Q: 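Here it is, the structure, as structure tokens.
All of these numbers come straight from a predicted model, not from anything done at the bench. Just so it is clear: chains get the letters A, B, ... in the order the sequence lines come, proteins before strands, and each one is counted from 1.
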2 protein chains.
Amino acid sequence: MTEATVLVVDDEPQIVRALRINLSARGYRVVTAHDGTAALRAAAETKPDVVVLDLGLPDLDGNEVIAGLRGWSTVPIIVLSARSDSPDKVRALDAGADDYVTKPFGMDELLARLRAAVRRSSVSGSDGTDAVVETGDVSIDLVAKKVRRDGEEVHLTKTEWGVLELLVRNHGRLVSQKQLLREVWGPTYENESHYLRVYLAQLRRKLEREPSRPRHLITEPGMGYRFEL
Amino acid sequence: MTEATVLVVDDEPQIVRALRINLSARGYRVVTAHDGTAALRAAAETKPDVVVLDLGLPDLDGNEVIAGLRGWSTVPIIVLSARSDSPDKVRALDAGADDYVTKPFGMDELLARLRAAVRRSSVSGSDGTDAVVETGDVSIDLVAKKVRRDGEEVHLTKTEWGVLELLVRNHGRLVSQKQLLREVWGPTYENESHYLRVYLAQLRRKLEREPSRPRHLITEPGMGYRFEL
DNA sequence: ACTGCTCGTCAAGGAGTCGTTAAGGCTTTT
DNA sequence: AAAAGCCTTAACGACTCCTTGACGAGCAGT
């Protein structure tokens, strides 16, 4: 991240001025707007990395501005407000705001929250979970809940599928016995590790070429199991 | 997102209880920890979607817990604290926290901030690859529980992994023998320092280029061990 | 140089965990 | 009502890994 752009939306000039000074001193590029419509326009034009938004705007309600932004952008929004009421905070946060700071605020705190917001959004991520997982000889469709081995469809029972699904959704990762038992059988079965042995054996018999020397459904003794592609 | 998991870290039972009740009533899965070390372990095991963390913990400073989590995870962290000082907030947020709520807090507000945090992370969230600790020749994936040396996967046993994990989570810092024994083997093994010699030797044989002249798994005579990057 | 301590290394035994199979009994389907 | 399918449970052999003891090296103090 080179230089983050902050869009400041407030109708009180002295607040805008204070923020502009402090933010540019910290190396942020600062864009300002005095009302809601101008804010939405400015956001579309400048694509800010974070928005600081006062709720008390002359033309639009603050939550409308949030909704207007959220319609097309996931930019972090930090709400400023004179009102510290809980209902107000809840509404703003549920409308899509990321943080809520009550006026009067400490500049240090606002800057820290700003840093936190920018840091978060700069961690980009693509969706890692694919609908269908392939391993060369086995294919698992997580949505249709169908499993094929060498092209032929394999029938799995509910429990078998529960185990396999959890392992495949975490393929490559180790899944602890406790987690498997908790998620598939329920919290009261956390110690019934015997079930896992039975069901892993069944899954291996159905999916592995050599069930006695599994390539996908791997046991990590004492810890859990993992699905390898 | 089907059912979000929340890790609640607080040493005050009534707060943990209140949160557990309110959160599970809203359909969250709730996992709790009453101190920092338990929190770090629980986070590794259950991979929560969001962490609610009290700063006043008995064993570790809250910011250390944040740092310990941020070493390998990008899970949203909401900090709870009795102190409303600005410096405290700034420190926590800069350490990697995502939000800061002052006690006493309104449950509505906390829930709203929680929703905001989960919403955010489910958008930018899991990119499939985990945070990995790298040293040039060794790479350690703390989530998948996988270790590679020069690209080749190395198999570790449960106990070997327990020792390595604790050292890597505190990389750069000295970990005392007692702490290692307590966390990996249990409180009654605090004086069985022999185990450490055996297991450190095994780990070095598996991970170090020259096991007799280790570069990562360093012995601090009379005190403990340290993992150097 | 000798003694006492801590650390590193190796190997063997034994405890605990895992894989496998099959049968009983419950639920659901036909 | 019968049949099929599935979960649970038990038993046993096989295997992995934890534990344990013995021995040598390095180091500090006497």
Q: Excluding sequence neighbours, so at least two apart, what forms side chain to side chain contact (heavy atoms under 4.5 Å, CB included) with A:R205?
A: A:Q202
Q: Could you tell me whether a side-chain N or O of B:R204 sits under 3.5 Å from a main-chain N or O of B:L217, the two making a donor and an acceptor?
A: yes
Q: Would you mind reading off the bend of the helix from C:dA1-D:dT30 to C:dT30-D:dA1 from its two end axes, five pairs each, to 10 degrees?
A: 30°
Q: How does each nucleotide of nucleotides 24-30 of chain C score, in 5' to 3' order, for protein heavy atoms under 4.0 Å: base (B), sugar-phosphate only (S), or none (-)?
A: -------
Q: Near DNA chain D, which residues from residues 166-184 of chain B have a heavy atom under 4.0 Å away?
A: none
Q: Going by the ring-ring contact (aromatic ring centres under 6.0 Å, His included) test, which pairs reach into residues 198-220 of chain A, not counting sequence neighbours?
A: A:W185-A:Y199, A:H216-A:F227
Q: Please list, chain by chain and in numerical order, all residues satisfying side chain to side chain contact (heavy atoms under 4.5 Å, CB included) with B:E220, sequence neighbours excluded.
A: B:L174, B:M223, B:R226
Q: Whole angstroms only, please: what is the CZ-C1' distance between A:R204 and C:dC18?
A: 9 Å
Q: Sequence neighbours excluded and cut-off under 3.5 Å, please list the side-chain donor-acceptor pairs for residues 60-68 of chain B, or say none.
A:
| residue | atom | partner | partner atom | Å |
| --- | --- | --- | --- | --- |
| B:D61 | OD2 | B:N63 | N | 3.2 |
| B:E64 | OE2 | B:D61 | N | 3.3 |

Q: With heavy atoms under 4.0 Å as the rule, sort B:T219 into base, sugar-phosphate or nothing.
A: sugar-phosphate
Q: Mind calculating the distance between NZ (A:K206) and P (D:dG5) to the nearest angstrom?
A: 11 Å
Q: Run the side chain to side chain contact (heavy atoms under 4.5 Å, CB included) test on B:T32 and B:V9 for me, step by step, so that the C-alpha distance in whole Å, both residues' side-chain angles and the decisive distance to 0.1 Å come before the verdict.
A: CA-CA 6 Å; B:T32 61; B:V9 189; over 6 Å; no
Q: Here's a test of your reading of the structure: between A:R205 and A:R197, which maps to the more 5' nucleotide of DNA chain C?
A: A:R197
Q: Grab the CG-C1' distance between A:L196 and D:dC7 for me, whole Å please.
A: 14 Å
Q: For the pair made of CG in B:N191 and C1' in C:dC7, what is the distance, rounded to whole Å?
A: 17 Å
Q: What pairs with B:R70 under salt bridge (charged side-chain N to carboxylate O under 4.0 Å, His left out), at least two apart in sequence or on another chain?
A: B:D98
Q: In whole Å, I'd like the distance from the CD atom of B:E220 to the C1' atom of C:dT6.
A: 14 Å
Q: Distance-only, no hydrogens or angles: does the B:T219 side chain make a donor-acceptor pair with backbone N or O of B:P221 under 3.5 Å?
A: no
Q: To the nearest Å, give me how far apart CZ (A:R213) and P (C:dG19) are.
A: 15 Å
Q: Partners of B:P58 by side chain to side chain contact (heavy atoms under 4.5 Å, CB included), sequence neighbours excluded?
A: B:D11, B:D35
Q: Can you tell me how far apart CG (B:L166) and CZ (B:R41) are? Round to the nearest 0.5 Å.
A: 9.0 Å
Q: What residue pairs, at least two apart or across chains, pass ring-ring contact (aromatic ring centres under 6.0 Å, His included) with a residue in residues 146-174 of chain B?
A: none
Q: Please name all residues satisfying side-chain hydrogen bond (donor to acceptor under 3.5 Å, both in side chains) with A:R209, sequence neighbours left out, ordered by chain then number.
A: A:D137, A:D150
Q: What string of B, S and - do you get for nucleotides 11-30 of chain D 5' to 3' if you count protein non-hydrogen atoms under 4.0 Å?
A: B----SSBBBBB--------
Q: For the atom pair CD (A:E160) and CG (A:L207), what is the distance rounded to the nearest 0.5 Å?
A: 8.5 Å
